[in-house]
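Presented below is the structure to which this report refers.
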Amino acid sequence: MTGVRPVSEGRDATASGRENAAGAATSPWRPSPWRPPRGPVVCLGETMAAMAPAPPHSLDGTESLLVSVAGAESNVAMYLADLGLPVSWLSAVGDDALGRRVRAAVGRAGVDVSGVRTDPARPTGLLLKDPGAAGTRVHYYRRGSAASALGPDALDDERLGGAALLHLTGVTPALSPSCRALVERALDTPPERRAHAVSFDVNHRPALWPPDTAPEVLRDLADRADIVFVGLDEAQDLWGAGLTEADVRGLLGRPRVLVVKDGGRGATAFAEGEVCSVPALATEVVEPVGAGDAFAAGFLAGLWRGTDLTRALRLGHITAASALKVVGDHGPLPDEGTVGALLALAEQDWRQAPMS
């Protein structure tokens with residue numbers, strides 16, 4: 001299924017009721033579907049220095065490593081900045097060369113990094129990517145990192161006071177008890193009383209969790225967010241093999257918007273009264289890590305602009321394709337004209353469009 005099931009976008013007088021003499025729609029009318037408010041976005045979570053061999057080498061067969069940065073939340077922040085949204089990244093780095101490199105790289109992408117703390121006692125986290133025929137293995141060196149010491153007080157940052165949206169991931173609560181308390185506090189306020197919407201990407205990293213703890217914790221946290229992203233395969237790993245997209249919606253029924261991603265096949269969004277599926281673009285994959293963060297940024301940017309679910313999902317796929325084509329987590333987006341043309345394609349043309 002592709003396309004939004006018939007639900008009106010706003011108060012369409014011709015579709016949902018008659019107009020009175022003043023031109024206003026009369027009852028009955030369908031309310032506009034929920035979208036996050038427009039305003040600054042804050043992404044909060046750890047970013048590490050990342051090292052990877054240049055393709056097609058593996059980690060044990062290379063003579064040199066490429067240095068970049070890697071962090072789910074800062075990936076989202078950098079792509080949001082690319083897409084023109086005002087965005088800040090909150091985190092902590094060590095007082096070391098890697099921390100300075102991380103802060104500078106994220107800042108160069110147009111993200112406000114003035115709220116990133118420098119911890120003089122703890123190091124910046126590090127990861128190594130090891131590409132191979134069976135996929136990319138990631139080795140983490142982040143225990144005791146500066147960001148793992150973050151706690152609920154990070155939510156007192158002044159940038160959150162004026163934010164319209166806070167983006168978090170399931171990586172953060174796995175880092176330490178204080179990080180889990182941070183995420184718990186961010187989601188404790190009921191949605192109707194929040195000063196800003198909360199987006200949560202499940203982003204399950206099995207190596208970070210004690211055995212048998214992630215499924216319950218991640219489901220509870222995700223079900224308290226306004227917008228949730230989860231891969232179908234990770235939902236099956238967490239909550240039951242054989243789950244379908246609709247089953248995942250049954251498990252996570254409270255979020256206003258739920259997006260279930262099915263790898264290179266497509267993604268389905270569930271909203272209040274809407275269900276929409278859009279296939280992914282055909283893309284040559286150089287390295288897959290970071291594509292999920294890019295997709296989340298594209299989709300969030302679409303919602304932030306007030307667009308329909310089809311275009312928001314398309315923008316997610318376009319942004320994800322940019323990450324798939326590079327070794328690092330952050331690749332260049334197509335020019336604005338190309339993006340606009342892709343978003344405007346008829347359904348059949350979208351299905352056949354390559355992402356060059």
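Values below: all heavy atoms of this structure, side chains included; hydrogens, waters and symmetry mates excluded. Computed from a prediction, not measured in an experiment: that's the story for all the values here.
Ion pairing between a basic and an acidic side chain is recognised when a charged N comes within 4.0 Å of a carboxylate O; Arg194 and Asp226 show such pairing. The pair Arg224-Glu184 meets the salt-bridge criterion, since a charged nitrogen lies less than 4.0 angstrom from a carboxylate oxygen. Arg185 has no carboxylate O lying under 4.0 Å from a charged side-chain N of Asp153, or vice versa, which leaves the two without a salt bridge.
Contact check for Pro123 versus Asp95: no side-chain heavy atoms found under the 4.5 Å cut-off. Here the side chains of Cys43 and Ser88 are not in contact, with every heavy-atom distance at 4.5 Å or above. Within the 4.5 Å cutoff, side-chain heavy atoms of Phe299 are placed close to those of Leu313. Between Val171 and Glu46 the shortest side-chain heavy-atom distance does not fall below 4.5 Å. Val259 places none of its side-chain heavy atoms less than 4.5 Å from the side chain of Thr268. Side-chain contact between Pro86 and Val41: absent, with no pair of heavy atoms (C-beta onward) separated by less than 4.5 Å. Put simply, the side chain of Leu160 reaches to within 4.5 Å of the side chain of Leu166, judged on heavy atoms. Counting only heavy atoms from C-beta outward, the side chains of Glu245 and Leu232 approach each other to under 4.5 Å.
Under the 3.5 Å distance criterion, the side-chain polar atoms of Arg219 are matched with a main-chain donor or acceptor of Leu251. No side-chain donor-acceptor contact under 3.5 Å links Ser74 to the backbone of Ala77. Using a distance-only test at 3.5 Å, with no hydrogens or angles considered, a donor-acceptor pair links the side chain of Asp223 to the main chain of Arg254. Looking at Gln236, its side chain does come within 3.5 Å of a backbone N or O of Leu243 through a donor-acceptor pair. For Arg314 (side chain) and Leu342 (main-chain N/O), a donor-acceptor pair under 3.5 Å exists by modelled atom type. A donor-acceptor contact shorter than 3.5 Å is absent between the side chain of Trp350 and the backbone of Leu343. A donor-acceptor pair under 3.5 Å is absent between the side-chain atoms of Asp349 and the main chain of Leu345, judged by distance alone. Of the possible donor and acceptor atoms, one in the side chain of Thr124 sits under 3.5 Å from a partner among the backbone N and O of Gly99. In this structure, the side chain of Arg100 does not engage the main chain of Arg103 through any donor-acceptor pair within 3.5 Å. Listed for the Asp130 side chain is a donor-acceptor partner under 3.5 Å among the backbone atoms of Leu59.
The line from CG of Asp201 to CD of Glu73 is 8.5 Å long, rounded to the nearest 0.5 Å. Taking CZ of Arg108 as the reference point, atom CE of Met78 lies at 10.0 Å (rounded to 0.5 Å). Rounded to the nearest 0.5 Å, atoms OG (Ser91) and CE (Met48) are 10.0 Å apart. For the atom pair CG (Asn203) and OG1 (Thr172), the distance works out to 9.0 Å, reported to the nearest 0.5 Å. We find the CE-CG distance between Met51 and Leu66 to be 10.5 Å, quoted to the nearest 0.5 Å. In this structure, Ser148 OG and Asp119 CG are separated by 8.5 Å, a value rounded to the nearest 0.5 Å.
Nearest heavy-atom pair, Cys276 versus Val278, reported as atom, atom and distance to 0.1 Å: SG-CG2, 4.1 Å. The two residues Thr169 and Ala72 have their closest heavy-atom pair at CG2-CB, 3.9 Å. Here the closest heavy-atom approach between residue Tyr79 and residue Ser322 is recorded as OH-C, 3.9 Å. Counting all heavy atoms, side chain and backbone alike, Val113 lies closest to Gly107 at CG1-N, 3.7 Å. The nearest pair of heavy atoms linking Leu90 to Ala154 is CD1-O, 4.0 Å. Heavy-atom minimum distance, Val183 versus Pro173: CG2-CD, 3.8 Å.
Both Val275 and Leu258 are assigned to one and the same hydrophobic cluster, defined by single-linkage of ILVMFWY side chains at heavy-atom distances under 4.5 Å. When the side chains of ILVMFWY residues are joined at heavy-atom separations under 4.5 Å, either directly or via intervening members, Val102 and Val116 end up in a single hydrophobic cluster. If you chain together hydrophobic residues whose side chains sit under 4.5 Å apart, Leu98 and Leu150 never meet in one group. Under the 4.5 Å side-chain heavy-atom criterion for ILVMFWY residues, no single connected hydrophobic cluster contains both Val67 and Val69. Cluster membership check: Leu65 does not share its hydrophobic cluster with Leu127, using side-chain heavy-atom separations under 4.5 Å among Ile, Leu, Val, Met, Phe, Trp and Tyr.
Using a 30° and 60° split on the angle between ring planes, His167 and Phe229 fall in the perpendicular class, above 60°. Between Trp209 and His204, the ring-plane angle classifies as tilted under the 30° and 60° cut-offs.
Within a 6.0 Å sphere centred on CG of Asp335, other residues, nucleotides and ligands contribute more than 12 heavy atoms. For Arg305, the CZ atom counts as densely surrounded, since its 6.0 Å shell holds more than 12 non-hydrogen atoms of other residues, nucleotides or ligands.
Exactly one of Val260, Val257, Val248 qualifies for a side chain to side chain contact (heavy atoms under 4.5 Å, CB included) with Phe270. That residue is Val260.
Annotation: cation-pi geometry not satisfied between Arg35 and Trp304 (NZ/CZ under 6.0 angstrom from ring centroid, within 45° of ring axis).
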